[in-house]
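Written below as structure tokens is the structure these notes are about.
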Number of protein chains: 2
Amino acid sequence: MGRRPLLDRAGVLDAALALADESGLGAVTMHAVATRLGVTPMALYRHVGDKAALLDGLVERLLGEVELPPVELTWADRLVAMARDLRRTGHRHPAVFPLLLARPAATDEAARVRDAVLHTLAEMGMESEEVAQTERLVSTAVLGFTVSEVSGRFRNHPQSVIDADFERLLTLLRGFVEPPSPGSGPAAQFG
Amino acid sequence: MGRRPLLDRAGVLDAALALADESGLGAVTMHAVATRLGVTPMALYRHVGDKAALLDGLVERLLGEVELPPVELTWADRLVAMARDLRRTGHRHPAVFPLLLARPAATDEAARVRDAVLHTLAEMGMESEEVAQTERLVSTAVLGFTVSEVSGRFRNHPQSVIDADFERLLTLLRGFVEPPSPGSGPAAQFG
DNA sequence: ACCTGAACACCGTTCAAGT
DNA sequence: ACCTGAACACCGTTCAAGT
């Protein structure tokens with residue numbers, strides 16, 4: 001029998017992601033990933049293409065970790081659940097997460113998350129043109145906040161303040177996708 | 001008289017920013033900046049510290065370009081004007097702009113822009129605790145959108161769609177900082 | 001004070017070679 | 001098919017040396 005290959009794509013991505021989580025994106029070099037796998041740098045190229053493709057693979061990995069919420073929840077609760085889970089993913093992988101802001105949701109895993117949001121927004125009877133725009137703005141807000149947080153923009157604030165900011169963002173998000181209807185909006189308080 | 005130095009900090013930053021604008025952040029290497037200035041890489045260190053400090057300098061440069069709006073404008077118009085100008089700065093310097101999401105507004109130029117927003121929000125009688133939070137969320141939304149745009153996340157969309165998205169964001173921003181008051185909010189249209 | 005030259009430990013990537 | 005070894009053109013950064 002032919003001897004089993006030492007490497008495969010999944011293993012290379014595992015090693016690269018571990019390196020990124022432990023020591024930052026700068027630690028993800030072909031040399032370092034190879035060393036961690038007990039192999040020479042050139043052995044990686046067959047499995048992950050080149051360095052840029054390796055980073056693309058890491059982004060896919062992160063998106064694959066995002067859980068879609070149970071359909072039993074109301075659509076508003078589902079959006080909030082996805083926002084929270086996306087943020088948690090950022091916390092687990094702070095070095096790789098900022099890359100999400102740099103590429104369109106073109107891969108399968110990216111489409112999976114985005115389509116879940118689109119589907120949820122469509123359920124509430126939003127026009128299809130507005131659905132797409134709303135998804136982009138909501139995703140941008142959640143990604144922008146989380147990237148800021150994991151990249152260090154909020155490093156001078158205690159975690160409690162950052163958490164409160166995010167809760168405020170979620171409240172705004174609810175109000176945004178759920179425009180005040182008669183009897184349920186903020187204006188009702190002043191009736 | 002002693003001969004004039006070949007280099008100064010401003011000149012080094014000029015060269016580095018030009019390189020970033022023309023060929024991306026990856027083109028900003030100590031070697032390339034030095035070559036552009038007709039000097040060896042080591043000559044730069046005296047003027048800009050090291051590579052990380054050089055990038056900090058570029059961020060300062062970008063923030064310094066952001067114009068503060070005339071005080072004659074209403075506070076809502078001032079916020080919108082600052083958002084637009086921040087986005088324009090991103091368009092001029094797409095390679096450097098994403099770095100804004102990675103550091104707190106700790107430098108003088110960063111504080112200048114942030115304080116202008118804080119001051120504007122305070123003018124409308126917002127409580128000081130809420131002012132700070134609102135500033136963070138508004139800045140995050142505008143930065144997150146612009147970084148997405150200049151980093152390529154929206155590259156599959158025509159510019160007209162991206163522009164419309166931003167206008168929508170500005171409308172939301174207005175509604176966010178200017179909560180509907182009796183007679184002026186959206187509800188007034190249905191009176 | 002300011003810049004250079006040589007050097008060091010790294011990078012990503014290629015190519016031909018081994019098994 | 002899969003991995004290695006040698007090599008190339010780069011990186012950032014230090015150090016001692018020149019003026």
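So that the names make sense, note that chain A is the first sequence line, chain B the second, and so on, each numbered from 1. No experiment lies behind these values; they were computed from the predicted model shown.
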Quiz item: Which atom names give the shortest non-hydrogen contact between A:H31 and A:P41, and what distance separates them?
Solution: CD2-CG, 3.5 Å
Atom pairs under 3.5 Å, N or O on each side, protein against nucleotides 4-6 of chain C: can you list them with distances?
unit_1	atom_1	unit_2	atom_2	d
C:dT4	OP2	B:T40	N	2.9
C:dT4	OP2	B:T40	OG1	2.9

Practice problem: For B:S139 and B:E135, test the side chains for any donor-to-acceptor distance below 3.5 angstrom and give the result as yes or no. | Solution: yes
For residues 7-18 of chain A, which side-chain donor-acceptor pairs fall under 3.5 Å, sequence neighbours excluded?
unit_1	atom_1	unit_2	atom_2	d
A:D8	OD1	A:G11	N	2.9
A:D14	OD1	A:R61	NH1	2.7
A:D14	OD1	A:R61	NH2	3.2

Quiz item: Is B:H119 atom NE2 crowded by more than 12 heavy atoms from other residues, nucleotides or ligands, each under 6.0 Å away?
Solution: no
Can you list, pair by pair, the side-chain donor-acceptor contacts under 3.5 Å of residues 22-29 of chain A, counting residues two or more places apart and other chains?
unit_1	atom_1	unit_2	atom_2	d
A:E22	OE1	A:R36	NH2	2.7
A:E22	OE2	A:R36	NH2	2.9
A:T29	OG1	A:A32	N	2.9

Return all side-chain donor-acceptor pairs below 3.5 angstrom for residues 88-99 of chain A, not counting sequence neighbours, or 'none' if the list is empty.
unit_1	atom_1	unit_2	atom_2	d
A:R88	NH1	A:D85	OD1	2.6
A:T89	OG1	A:D85	O	2.9
A:T89	OG1	A:R92	NH2	3.1
A:H91	NE2	A:E149	OE1	3.2
A:H91	NE2	A:E149	OE2	3.0
A:R92	NE	A:E65	OE1	3.0
A:R92	NH2	A:E65	OE1	3.0
A:H93	ND1	A:D21	OD1	2.9
A:H93	ND1	A:D21	OD2	3.0
A:H93	NE2	A:E65	OE1	3.0
A:H93	NE2	A:E65	OE2	3.0

Quiz item: For B:V80, what residues pass the side chain to side chain contact (heavy atoms under 4.5 Å, CB included) criterion, not counting sequence neighbours?
Solution: B:R84, B:L170, B:R174
Quiz item: Under 6.0 Å from the six-membered ring centre of B:F145 and within 45° of its axis: does the NZ or CZ of B:R87 meet both?
Solution: no
Look for any protein N or O under 3.5 Å of an N or O in nucleotides 16-18 of chain D and output each such pair with its distance, or none.
none

Quiz prompt | Residues forming a ring-ring contact (aromatic ring centres under 6.0 Å, His included) with A:Y45, sequence neighbours excluded | solution = none
Quiz item: Taking OP1 and OP2 of C:dC10, is either one under 4.0 Å from a side-chain nitrogen or oxygen of A:H31?
Solution: no
Exercise. With a 4.0 Å heavy-atom cut-off, tell me which residues in residues 45-62 of chain A come close to DNA chain D, sorted by residue number.
Key: A:R46, A:H47
Practice problem: For DNA chain C, list all stems, counting runs of three or more consecutive pairs where every pair is Watson-Crick or G-U wobble with both distances under 3.5 Å. | Solution: C:4-8 with D:12-16, C:12-16 with D:4-8
Self-check item: side chain to side chain donor-acceptor pair (under 3.5 Å) partners of B:D56, counting only residues at least two apart
Solution: B:R103
Quiz item: If you count the non-hydrogen atoms of other residues, nucleotides and ligands that lie under 6.0 Å from CD in A:E129, is the total more than 12?
Solution: no
Practice problem: Can you sort out the partners of A:L68 under side chain to side chain contact (heavy atoms under 4.5 Å, CB included), two or more places apart, ordered by chain and number? | Solution: A:M82, A:R112, A:A116
Practice problem: Return the set of residues passing side chain to side chain contact (heavy atoms under 4.5 Å, CB included) with A:A102 (not counting sequence neighbours), or none when no residue passes. | Solution: B:S151
Quiz prompt | d(CG, A:L44; P, D:dC3) in whole Å | solution = 9 Å
